[in-house]
Amino acid sequence: MTQRGLIVAPSVLCPFQPRISPHADAVQRWSLQWATRHGLLDRPGARQAFAKARFANLMARAHPDAGEPELRLATAWLISIFVLDDLLERALVRDPEPARAAVAEVVRLLRDQQPAPILATTLGRPLATALGEVWRRTEPRVGAAWRERFVGHVADYLAGTVWEAGNRAADRPPLLEEYRRMRHQSAATDMFFDLIEPMHGVELPAGLLGDPDFDTARRTAGTVIGIFNDLISWPKEAAVGDHHNIVFALQREHRLGLDEAVQAAVAEHDEQVVAFQVARDRLETRHWADQAAITGITDLVHWIRGNLDWSMESGRYAPADLPGPRQPLD
């Protein structure tokens, strides 16, 4: 077991050196001002929770070589997606039809920059404005092919969120293979991996994007991040009766005790780390002369290690933050 502060997590394989940008503290201060200016911290306790979460640290660990303006942009994306995720989780259960329409409008906002009024009505004007701003700041940094790829990955993430909400509304535990497949979407790792490019002012070459080993590296990196998040968050999900965690899926499918299910999840995590290393080594051998390609590969490493370190330091999963039992909806 590994303990840092109040967080206890099972020991997992992570043979990558931790790094963090020297801009982390400055971006954290900026992010508090940005979120406050957009009205994203108006709920009681929101500022305190935001400060404890230290979202800027995750971006500073995922992109330790990026400049401060780029880290500000990445952190604004992260904040916007976390707020969107929280809002959709509630809205899709309580009032699903308008929320589903708002999901479609998020994609339309990114494709056409012409959101319908339902976006602000359902999600709130502060979040709608924040999403519009981060997209306008991102667009000039990228080309048309990147934009289309990114919007597709945002749509995948939103589809995963809708799927999870439908399960919660029906109190339906997902099957293990279904969970593995959809967790990759709901974790939003693909859209955040896409942001590696504007963080460094590069666009990945077609040869790398079409390399099967790069697809494997992205997929396994996303899986590693998702599993580790589940290993950290399962007590919170257990407290509210949320079935969306690989520990619970393994427990149900294989009829395991809780400790056995945790160890099975650790084993799956470690297998994915090894698969990532194999793919990364092959990629570095083939693409060593292309700096843009090496940047795209290296920040996947930073994401894996950075997510682990941030999860242990951010305070999002501290025992004091565990909610009470889930109440039935009116």
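All values reported here derive from a predicted model rather than from experimental measurement. Reckoned from all heavy atoms, side chains included, excluding hydrogens, waters and symmetry mates.
- The closest side-chain donor-acceptor pair between Asn245 and Glu237 falls under 3.5 angstrom.
- With values rounded to the nearest 0.5 angstrom, Arg43 atom CZ is found 7.0 Å from Asp86 atom CG.
- The two residues Glu68 and His23 have their closest heavy-atom pair at N-CD2, 3.6 Å.
- Defined by atom type and a distance below 3.5 Å, a donor-acceptor pair is present between the side-chain atoms of His184 and Asp190.
- With respect to Arg168 and Glu164, a salt bridge is recorded, a charged nitrogen being found less than 4.0 Å from a carboxylate O.
- Scanning all heavy atoms of the two residues, the minimum distance from Leu84 to Leu127 falls at CA-CD2, 3.6 Å.
- Under a 4.0 Å N-O distance rule, the pair Arg282/Asp211 does not qualify as a salt bridge.
- Applying the side-chain hydrogen bond (donor to acceptor under 3.5 Å, both in side chains) rule to Arg137 yields the partners Glu133; only residues at least two apart in sequence or on another chain are considered.
- Using bins of under 30°, 30° to 60° and over 60° for the plane-to-plane angle, the ring pair Phe16/Phe276 lands in the perpendicular bin.
- Among all heavy-atom pairs drawn from Ala24 and Ala56, the shortest one is O-CB, 4.0 Å.
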Just do the side-chain hydrogen bond (donor to acceptor under 3.5 Å, both in side chains) check on Asp230 and His269 with the steps written out, would you? CA-CA 10 Å; Asp230 283 359; His269 171 283; over 6 Å; no
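- No side-chain donor-acceptor contact under 3.5 Å links Gln272 to the backbone of Val224.
- Put simply, the residue from Val262, Leu176, Leu258 that forms a side chain to side chain contact (heavy atoms under 4.5 Å, CB included) with Leu250 is Leu176.
- We find that Glu197 and Arg141 are not joined by a salt bridge, their nearest charged nitrogen and carboxylate oxygen being 4.0 Å or further apart.
- Across every non-hydrogen atom of Met312 and Ala9, the tightest pair is SD-CB, 3.8 Å.
- Note: Arg54 CZ to Ser31 OG = 8.5 Å, rounded to the nearest 0.5 Å.
- Closest approach of Asn167 to Pro174, counting heavy atoms only: ND2-CB, 4.1 Å.
- Ring centers of Phe50 and Phe55: under 6.0 Å apart, within the cut-off.
- Under the 4.0 Å criterion applied to side-chain N and carboxylate O atoms, Asp309 and Arg305 are assigned as salt-bridge partners.
- Residue pairs that meet the ring pair (Phe, Tyr, Trp, His ring centres under 6.0 Å) test with at least one member in residues 138-177, sequence neighbours left out, are Trp77-Phe150, Trp135-Phe150, Trp146-Phe150, Trp163-His244.
- A salt bridge links Arg147 with Glu139: the closest approach of a Lys/Arg side-chain nitrogen to an acidic carboxylate oxygen falls below 4.0 angstrom.
- A salt bridge links Arg172 to Glu178: at least one charged side-chain nitrogen sits closer than 4.0 Å to a carboxylate oxygen.
- Between the side chain of Trp310 and the main chain of Ala53, a donor-acceptor pair closer than 3.5 Å is present.
- Expressed to the nearest 0.5 Å, how far CG of Leu58 lies from OG1 of Thr75 amounts to 8.0 Å.
- Under the 4.0 Å criterion applied to side-chain N and carboxylate O atoms, Lys236 and Asp242 are not assigned as salt-bridge partners.
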